[in-house]
*Asks:* 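Have a look at this one before I ask anything.
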Amino acid sequence: MNTRKVRVRFAPSPTGPLHIGGVRTALYNFLFARKHGGKFILRIEDTDQTRFVPGAEEYIIESFKWCGIQFDEGVTTGGPYGPYRQSERKAMYRKYAEMLLESGNAYYAFDTSEELSELRKLFEKKKKTFTYNAFERKQLKNSLALSKQEVDELFEKKTPYVIRFKMPENEIIIMNDLIREKVEVNTSTLDDKILFKSDGMPTYHLANVVDDHLMEISHVIRGEEWLPSLPLHVLLYKAFGWDTPEFAHLPLLLKPDGNGKLSKRDGDRLGFPVFPLQWKDPKTGEISTGYREDGYFPEAFVNMLALLGWNPGDERELFIMEELIEAFSIERVGKSGSRFDPEKAKWFNHQYLIRKSDEELADLFSPILKEKGIETSIETIIRIISLVKERVAFVHELWDQSYFFFIRPEDYDPKTVKKRWKTDSYEHISRIKELLADIDDFSSENIEKIVKAWIEENELGMGAVMNALRLVIVGALKGPHLFSIIELIGKNETLARIENGLKVLGKKETG
RNA sequence: GCACCGUUCGUCUAGCCAGGUCAGGACGCCAGGUUUUCAUCCUGGUAACACGGGUUCAAAUCCCGUACGGUGUACCA
């Protein structure tokens, strides 16, 4: 490893919402930077004007803010290496392309996109692949094949041109990757990539290498989809005479089922988000849900992503950001793609939820209650949450576990009625009603003591009586400790519910 | 097609570099326990070294091949 100051970057293209794979790449960069006391930079790679999507950059920035991933330099914060948006750096790239032209590492090419795609089709018919390489470039329209006079003529006629990298022939390039170790490739299998487009913009390859150098990036940590262009990048550094940074190519996130990498479609199909935040497509108006909107805590989301492809080497699974920074190392990132598992994502959220204080959860749950038209004190909400929070993975699921604290049952689960409302249930519950009416200390413990004593005195089955009582109080056989519910809803409500239950359920005739 | 990368329970993974473990953990699933119910929780169980060769006393671990999968192959990033 080199001993340079650690400077890493995340360099998204603002072509849409950030996919969770991208978030993970950024996260690993962030963790790596923090771990080594380095800097983390956000650079926007918007060299393709045709694919620019309004709102995408803002979306990316907001996503990281939500995740707690902070940048030390970049479009948001500025910094000494700016500008951090490639469209604003446009003027400088040409110079670098020319340096390559002068050193003989690049050349002009005048072939049009149409001509090239014709060629590709032609080759395909012959079951071959067209590659713009050392062999083919001799018969194409470029400054290597054409005479100086022909080239000058083309320039005079203002013929559009691109600048291509002159890929050397039959050289073995040996590269090192922090995750994959040695990677070898023969340059003859590569092509003369375009570095500079006819619209005056650099392609990714040129802009990326130039900016990484200028911004003194020490480690390039990016997705595995870039591994095939690593030799080009290494050759580019060499052609410029620059030191190469260290490289680490992260494995991809795969679909939960079937083959291939995780895509937006999988989320729609299987019902889980693939984006951190909700995204509305500005063109179609289509809305894709996000982890934030689905009720995930950012800590849980980050924790889940961190463990997808990386592990600490011991058996810990729950990490807050500080702990991730402490434990992270690029060497412990796996080599193979990870299937995304929505079930485990929920489990992580559950873990974070049960660790939150009742007060904090109450603050989050209050607006949901308000929306349902429930008016109650925050103290009550806190007490209810303490009773039910272990049962849920998301704040919004709290309602399903607690609505009966607020709403008197109107109907009773028919299956339970059939099974638990027995011949003498009416009698028993009527007696309990009288019993409860006389209790002054309406605490869970006291009520429980009295009711249980009564059941024992009368030698009745605990299950039979308690289930019937639960049925009239809750409306179904579910929920936390029954006496806690009774205490919370209070004496008046309890008696009213029992009365209503008796009225609706009535006496069951012996059948 | 070609190039590169990869392959341990259904899933995330430990173990591989420095060969010797009943191949460990977590999610899920199943069973039992706890409980007045449901859920939680606890305990237990389920289940994997892609295949074939080699090297070796000994291979998940080292080597070779095959299969399968992924990515790339744009004037996209």
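Throughout, a chain's letter reflects where its sequence line sits, starting with A, and its residues are numbered from 1. Just the heavy atoms: all of them, side chains too, but no hydrogens, waters or symmetry mates, feed the values below.
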*Asks:* Does CZ belonging to A:Arg265 count more than 12 external heavy atoms closer than 6.0 Å?
*Replies:* no
*Asks:* Within the structure provided, determine whether A:Leu154 and A:Leu146 are in side-chain contact (heavy-atom separation under 4.5 Å).
*Replies:* yes
*Asks:* Are any of the side-chain nitrogens in A:Asp413 or A:Lys415 under 4.0 Å away from the carboxylate oxygens of its partner?
*Replies:* no
*Asks:* Can you check the A:Leu398 CG to B:U40 C1' distance for me, whole Å?
*Replies:* 13 Å
*Asks:* Rounding to an integer number of angstrom, what distance separates B:A14 and B:C76 when you compare their C1' atoms?
*Replies:* 39 Å
*Asks:* Under 4.0 Å between any heavy atoms, over every strand shown, what does A:Gly309 touch: base, sugar-phosphate, or nothing? Just pick one.
*Replies:* sugar-phosphate
*Asks:* Checking all strands, does A:Val465 fall into the base, sugar-phosphate, or nothing category for heavy-atom contacts under 4.0 angstrom?
*Replies:* nothing
*Asks:* If I pick the P atom on B:G15 and the same atom on B:G25, what distance separates them, to the nearest angstrom?
*Replies:* 15 Å
*Asks:* Scan every strand shown for a Watson-Crick or G-U wobble partner of B:U40, both distances under 3.5 Å, and answer none if you come up empty.
*Replies:* none
*Asks:* Does the structure show a Watson-Crick or G-U wobble partner for B:A3, both distances under 3.5 Å? Name it, or say none.
*Replies:* B:U71
*Asks:* I'd like to check the ring-ring contact (aromatic ring centres under 6.0 Å, His included) partners of A:His233; sequence neighbours left out, ordered by chain and number.
*Replies:* A:Tyr204, A:His205
*Asks:* Distance between the P atoms of B:G19 and B:C63, in whole angstroms?
*Replies:* 12 Å
*Asks:* Think A:Ser338 has a side-chain N or O under 4.0 angstrom from the OP1 or OP2 of B:U13?
*Replies:* yes
*Asks:* Show me the side-chain donor-acceptor pairs of residues 455-463 of chain A shorter than 3.5 Å, one per line, residues at least two apart or across chains.
*Replies:*
residue: A:Asn458; atom: ND2; partner: A:Trp454; partner atom: O; Å: 2.7

*Asks:* With A:Phe406, which residues qualify under ring-ring contact (aromatic ring centres under 6.0 Å, His included), at least two apart?
*Replies:* none
*Asks:* Which part of the nucleic acid does A:Glu184 contact within heavy-atom distance under 4.0 Å: base, sugar-phosphate only, or nothing?
*Replies:* sugar-phosphate
*Asks:* Distance between the P atoms of B:A59 and B:U13, in whole angstroms?
*Replies:* 28 Å
*Asks:* Regarding B:U37, can its base be found pairing with the side chain of A:Arg470 as donor and acceptor, where the two atoms are less than 3.5 Å apart?
*Replies:* yes
*Asks:* Under the ring-ring contact (aromatic ring centres under 6.0 Å, His included) rule, collect the residues that match up with A:Phe272, sequence neighbours excluded.
*Replies:* A:Phe340
*Asks:* Take atom CG of A:Leu318 and atom C1' of B:C27, then tell me their distance rounded to the nearest Å.
*Replies:* 12 Å
*Asks:* What pairs with A:Ala11 under side-chain contact (heavy atoms from CB on, under 4.5 Å), at least two apart in sequence or on another chain?
*Replies:* A:Arg9, A:Arg43, A:Glu45
*Asks:* State the pairing partner of B:C27; accept Watson-Crick or G-U wobble contacts with both distances under 3.5 Å, and report none otherwise.
*Replies:* B:G10
*Asks:* Taking atom C1' in both B:G45 and B:C9, compute the distance separating them and give it to the nearest angstrom.
*Replies:* 13 Å
*Asks:* Can you measure A:Lys335 atom NZ to B:C17 atom P for me and round it to whole angstrom units?
*Replies:* 12 Å
*Asks:* Around A:Glu124, counting heavy atoms of other residues, nucleotides and ligands shown, do more than 12 lie under 6.0 Å from its CD?
*Replies:* no
*Asks:* Compare side-chain N and O positions of A:Ser336 against OP1 and OP2 of B:C5 and report whether any pair is under 4.0 Å apart.
*Replies:* no
*Asks:* Grab the CG-C1' distance between A:Asn133 and B:A3 for me, whole Å please.
*Replies:* 13 Å
*Asks:* Rounded to the nearest Å, what distance is computed from the CD1 atom of residue A:Ile44 to the P atom of nucleotide B:C76?
*Replies:* 18 Å
*Asks:* Could you list the residues that satisfy side-chain contact (heavy atoms from CB on, under 4.5 Å) with A:Asp411, not counting sequence neighbours?
*Replies:* none
*Asks:* What integer number of Å spans the C1' atoms of B:G52 and B:C42?
*Replies:* 46 Å
*Asks:* What pairs of nitrogen or oxygen atoms, one from the protein and one from nucleotides 41-49 of chain B, lie under 3.5 Å apart?
*Replies:*
none

*Asks:* For atom P, what is the distance between B:U46 and B:G24, given to the nearest Å?
*Replies:* 10 Å
*Asks:* Write down the distance between CD (A:Glu456) and P (B:U36), rounded to a whole number of angstrom.
*Replies:* 11 Å
*Asks:* Is there a donor and acceptor pair, one atom on the side chain of A:His481 and one on the base of B:U36, closer than 3.5 Å?
*Replies:* yes
*Asks:* Return no unless some side-chain N or O of A:Lys197 is found under 4.0 Å from OP1 or OP2 of B:A77.
*Replies:* yes
*Asks:* So what does A:Asp400 touch, heavy atoms closer than 4.0 Å: a base, only the sugar-phosphate, or nothing?
*Replies:* nothing
*Asks:* Roughly how many Å is it from CG in A:Leu253 to P in B:U13, rounded to a whole number?
*Replies:* 9 Å
*Asks:* Any strand counts, and the cut-off is 3.5 Å on both contacts for Watson-Crick or G-U wobble. Which nucleotide pairs with B:U35?
*Replies:* none
*Asks:* For B:G19, which nucleotide in any strand shown is its Watson-Crick or wobble partner with both distances under 3.5 Å?
*Replies:* none
*Asks:* Across the strands shown, which category fits A:Val162 at heavy-atom distances under 4.0 angstrom: base, sugar-phosphate, nothing?
*Replies:* base
*Asks:* I want to confirm an ordering. Mapping A:Thr189 and A:Glu343 to their closest nucleotides on RNA chain B, which one lands closer to the 5' end?
*Replies:* A:Thr189
*Asks:* List the residues meeting ring-ring contact (aromatic ring centres under 6.0 Å, His included) with A:Phe64, not counting sequence neighbours, and say none if there are none.
*Replies:* A:Phe10, A:Phe71
*Asks:* Go through it in stages, so that I can follow the logic: the residues are A:Phe155 and A:Phe110, the test is ring-ring contact (aromatic ring centres under 6.0 Å, His included), and I'd like the CA-CA distance, side-chain angles, deciding distance and then a yes or no.
*Replies:* CA-CA 10 Å; A:Phe155 276 131; A:Phe110 302 91; 5.5 Å; yes
*Asks:* Tell me, for nucleotides 66-74 of chain B in 5' to 3' order, what letter each nucleotide earns: B for a base near a protein heavy atom under 4.0 Å, S for only sugar-phosphate near one, - for neither?
*Replies:* ---SSSS-S
*Asks:* If the P atom of B:U34 is compared with that of B:A39, how far apart are they to the nearest Å?
*Replies:* 15 Å
*Asks:* Hey, what are the protein-to-nucleotides 59-61 of chain B N/O distances that come in under 3.5 Å?
*Replies:*
none

*Asks:* My understanding is that only residues two or more places apart in sequence, or in another chain, count here; which of them pass side-chain contact (heavy atoms from CB on, under 4.5 Å) with A:Lys346?
*Replies:* A:Tyr296, A:Glu343, A:Phe394
*Asks:* Under 4.0 Å from OP1 or OP2 of B:U36: is there any side-chain N or O of A:Asn467 that close?
*Replies:* no
*Asks:* With both distances kept under 3.5 Å, what pairs with B:A77, Watson-Crick or G-U wobble?
*Replies:* none
*Asks:* How many Å lie between CG on A:Asp341 and P on B:C9, as a whole number?
*Replies:* 15 Å
*Asks:* Can you name the side-chain contact (heavy atoms from CB on, under 4.5 Å) partners of A:Lys478, sequence neighbours left out?
*Replies:* A:Tyr403, A:Phe404, A:Val474, A:Ala476
*Asks:* Give A:Lys127 one of three labels, base, sugar-phosphate or nothing, depending on what nucleic acid heavy atoms sit under 4.0 Å from its own.
*Replies:* nothing
*Asks:* Suppose we define a pair by two distances each less than 3.5 Å, Watson-Crick or G-U wobble; what does B:A47 pair with here?
*Replies:* none
*Asks:* For B:G52, give the paired nucleotide (Watson-Crick: N1-N3 plus N6-O4 or O6-N4; G-U: N1-O2 and O6-N3; both under 3.5 Å), or none.
*Replies:* B:C64
*Asks:* When all nucleic acid strands are considered with a 4.0 Å heavy-atom cut-off, which category describes A:Arg332: base, sugar-phosphate, or nothing?
*Replies:* sugar-phosphate
*Asks:* Any carboxylate oxygen within less than 4.0 angstrom of a Lys/Arg side-chain nitrogen, looking at A:Lys141 and A:Glu115?
*Replies:* yes
